[in-house]
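We name chains A, B, ... by the order of the sequence lines, and we start the count at 1 in each one. None of these values were measured; they are calculated from a predicted model.
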Number of protein chains: 2
Amino acid sequence: MSRPTLQSLAAELSLSRQTISNALNRPEVVRPDTLERVLAAIESSGYRPSALGKALRSQRSHTIGLRLRPVVDGINGAVLDRFLHALTEAAQAHGYRVTLFTADTLEEEIDRFEDLYRVSSIDACALIETFVDDPRPELLAKIGIPTVAFGRPWGSTTSTHHWVDIDGLAGTRAAATWFRESGHTRIGYLGWPAGSGLGDDRRAGWRAACHDLPGADDLDLSFEDGMAEGFAGAGTLLARGATAVVCGSDSLAIGAMSEFRIAFPEAHPLPVVGYDDTPVAAALGLSSVHQPVEEAAQHCVRVLMSLLAGEPDAQPRELLLTPTLVKRAFTPML
Amino acid sequence: MSRPTLQSLAAELSLSRQTISNALNRPEVVRPDTLERVLAAIESSGYRPSALGKALRSQRSHTIGLRLRPVVDGINGAVLDRFLHALTEAAQAHGYRVTLFTADTLEEEIDRFEDLYRVSSIDACALIETFVDDPRPELLAKIGIPTVAFGRPWGSTTSTHHWVDIDGLAGTRAAATWFRESGHTRIGYLGWPAGSGLGDDRRAGWRAACHDLPGADDLDLSFEDGMAEGFAGAGTLLARGATAVVCGSDSLAIGAMSEFRIAFPEAHPLPVVGYDDTPVAAALGLSSVHQPVEEAAQHCVRVLMSLLAGEPDAQPRELLLTPTLVKRAFTPML
DNA sequence: ATGTTCGATTTGAACGATCAAACTATCGAA
DNA sequence: TTCGATAGTTTGATCGTTCAAATCGAACAT
């Protein structure tokens, strides 16, 4: 009644463990008629080789660890949601699984990673939400855990770990350029306060496209993330004569949108662009910068696979993907 | 250089594996001075018992499997996000981990669960998003996998599996009752079309509180989920004289909110209640029904632990938790 | 007839842990 | 002195797999 094993199958067929094992892993060394007999028995018994046995023998748990962040924001959380899904899917395609854990602090996260690794529960780990001078990649490297980060090393870190990121600068630059090409000359920016890496990068994209426009500096505003903040910021921008606005997040953009729609009721699409292309943005008809998160996740898995195969240079250490601008017709609703 | 094992530690101390093992698991059978010596060695070597070795021996992977749904909606997805986090945390407290997988179809989900279980990758599974006549609990029970569902068995199923759910009826009833007590007599309902279990339950709560009000039936509208739909629905309700509205989701409520705010600019809080208490609702100052998701997740883990301990009746087979109504002052923004 | 070679299969050992049983001193009682 | 009980420790077997080496039988060459 209990699940069949190599041993039990072997006994049933009057063969040895190894022959059964070979039938699955190296069929060419097994005599054809034996092979057929074995495969038939495997089929009918529903035998599946134990992942635990394999793991113990190979010292590979085929598992990638990931710290699940506490839920902060339902809007921007959607990107990490997509990443988690894509990572799971990509890992699955390589016979790997994603295991989650939670941690309250950074130290605890590292400890937990180390512990999971040391007890052979995970083979590798994925980092998300990297920040300025993030010490984690280096700490994990010191421990010796194969690691990949979704998010580049912001700040002055001179680390050499593997990472994938999405070129935020290119995204906001594309948005601002779109507005310029449409004839706008007063294009505002609404983003997070300086110092966040991610936010600075996005702001730099707008600046790259607009720095030569007269009075551009007056149209660069910083706010914490949130719809209310976007609403307020848009008000200021409109008062200063802005006719379009690029935002560092969809939250800000949604807020800005409701101000702009009053100022430019006829505009289609509305001269507001968000960032992340969240489902809410799509629902509201907000143009937004779409991040190729699935590609990023796939690359993360590729990197980890090559690290685990002992070929750290099989994949580029750094990969910067380009986002795309999704132009939407505003859905007149709010 | 490689990680220490019972064997290597034993050799180093001129003791046997078992004594090291006993020092950790049954310290009372080890002579005090030996114990001290062993613990010191464990400490200094940084030995951690291999989860793989333990798992193979005990035939327990200490892992709970969960299918990660494709991201559908950034707003309502937040509830499942919270659940995932809470489940991971609760499992962690019991020495268990949560492993994810993806599947495109229902059949694939079951197959994947079965496979993971058969290869000993998971000990148990958690189901989310149960639907009318959901066959999964029964199928998994037939396979013999310890299972708990977050979501009751909707429809005519007479299943006897373990589940936890949140009393949607109580939530919307509380919302509608709140309006009645505030003097409203024309309270509308905006929810999903009949047939979704979850949606029907929530609608029933409003009905329970309002069925005796004249003309209540005219104020009961069905829409697919979405902000635009909520906006449209609210328009109809206002035209029919509604002065307050209970919604089956925050998406609908956000849409409804922007209509109601024009009709009742002075109302504080705004006479709109959403469902799920998502971060967006909180940011907008939308009153909403808060689900005790963390408690639900904790109960899920408790159930699985008792199932794995062979005590299926240690926990109630069915648990219905009561949500709470969060009353918010509307943030005048949109 | 004897040794060589090769294909097919089996055996032993290992991965790292724990249960169960066996062993070895040490002590007290007969 | 001898036996039994007891505390402390060791050995063997097991969980399910795979690598490496050994074995077996048959075909072939000398």
Side-chain angles (χ1 to χ4, degrees), chain A residues 1-39 41-42 45-63 95 115-123, chain B residues 1-39 41-42 45-63 95 115-123:
Chain A
M1 220 62 268
S2 61
R3 42 188 129 196
T5 68
L6 283 186
Q7 200 69 261
S8 73
L9 267 179
E12 207 175 305
L13 296 170
S14 305
L15 284 167
S16 68
R17 314 185 289 288
Q18 192 62 39
T19 301
I20 319 292
S21 172
N22 284 339
L24 289 168
N25 302 320
R26 304 181 56 203
E28 71 279 6
V29 306
V30 179
R31 182 146 43 92
D33 60 325
T34 313
L35 180 60
E36 195 178 344
R37 209 158 57 94
V38 173
L39 292 181
I42 288 176
S45 69
Y47 166 77
R48 303 262 24 228
S50 158
L52 246 38
K54 273 175 147 64
L56 180 60
R57 175 68 232 227
S58 64
Q59 297 292 79
R60 281 279 153 83
S61 60
H62 289 266
T63 299
D115 203 57
L116 287 167
Y117 183 67
R118 292 244 304 275
V119 303
S120 298
S121 282
I122 60 173
D123 294 338
Chain B
M1 217 64 264
S2 63
R3 44 189 130 196
T5 66
L6 282 186
Q7 200 68 261
S8 73
L9 267 178
E12 206 175 306
L13 295 170
S14 305
L15 285 168
S16 66
R17 315 184 292 284
Q18 190 62 39
T19 301
I20 319 292
S21 171
N22 284 340
L24 288 168
N25 302 320
R26 303 181 56 204
E28 71 279 7
V29 305
V30 179
R31 183 148 39 96
D33 61 324
T34 314
L35 180 59
E36 196 177 342
R37 209 158 59 93
V38 173
L39 293 181
I42 288 176
S45 70
Y47 167 76
R48 303 259 28 228
S50 159
L52 246 38
K54 275 176 146 65
L56 180 60
R57 176 67 230 225
S58 64
Q59 297 292 78
R60 281 279 153 85
S61 61
H62 290 267
T63 299
D115 204 56
L116 286 167
Y117 183 67
R118 291 242 307 272
V119 302
S120 298
S121 281
I122 60 172
D123 295 338

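Considering only the side chain of Ser16(B), dT10(D) comes nearest among dG8(D), dC15(C), dT10(D). Listed nucleotides: dG12(C), dT9(D), dT10(C). Nearest to the side chain of Leu15(A): dT10(C). For Thr34(B), the listed nucleotide lying nearest its side chain is dT9(D); candidates were dT9(D), dC15(D), dT9(C). Picking from dT18(D), dG16(D), dT9(D) the nucleotide with the shortest atom distance to the side chain of Lys54(A) gives dT18(D). In this structure, the nucleotide among dT9(C), dT10(C), dG16(D) sitting nearest to the side chain of Arg57(A) is dG16(D). Taking the side chain of Val30(A) as heavy atoms from C-beta on, and the options dT10(D), dT9(C), dG8(D), the nearest nucleotide is dT9(C). With dA17(C), dT11(D), dG16(D) as the candidates, the nucleotide lying closest to the side chain of Leu56(A) is dG16(D). Comparing dT11(C), dG12(D), dT17(D) by their closest approach to the side chain of Gln18(A) singles out dT11(C).
Taking 4.0 angstrom as the limit, Arg17(B) places none of its side-chain polar atoms (N or O) nearer than this to OP1 or OP2 of dT10(D). For dG8(D), the OP1/OP2 oxygens have no side-chain nitrogen or oxygen of Asn22(B) closer than 4.0 Å. The side chain of Arg31(B) places no N or O atom within less than 4.0 Å of a non-bridging phosphate oxygen (OP1 or OP2) of dA7(D).
Taking for each of Ser14(B) and Gly53(A) the nucleotide of DNA chain D with the nearest heavy atom, the 5'-most of the two is the partner of Ser14(B). Along DNA chain D, the nucleotide nearest Pro49(A) and the nucleotide nearest Leu35(B) are compared for position; the residue whose nucleotide lies closer to the 5' end is Leu35(B).
If you take CZ on Arg48(B) and OG on Ser121(A), they are separated by 9.5 Å, rounding to the nearest 0.5 Å.
Pairing each heavy atom of Arg118(A) with each of Arg3(B), the nearest pair is O-NH1, 3.0 Å. When all heavy atoms of Leu24(A) and Tyr47(A) are compared, the pair lying nearest together is CD1-CE2, 3.7 Å. Asp123(B) and Arg60(B) get closest at one heavy-atom pair: OD2-CD, 3.4 Å.
Among the protein residues, Ser50(A) comes within range of the sugar-phosphate backbone only, with heavy atoms under 4.0 Å from sugar or phosphate atoms but none that close to a base. Residue-level contact check: Leu52(B) touches neither bases nor backbone, having no heavy atom under 4.0 Å from any strand.
The interatomic distance linking Leu6(A) (CG) with dA14(C) (P) rounds to 19 Å, in whole Å.
Taking the side chain as every heavy atom from C-beta outward, Lys54(B) and Val119(A) never approach each other to under 4.5 Å.
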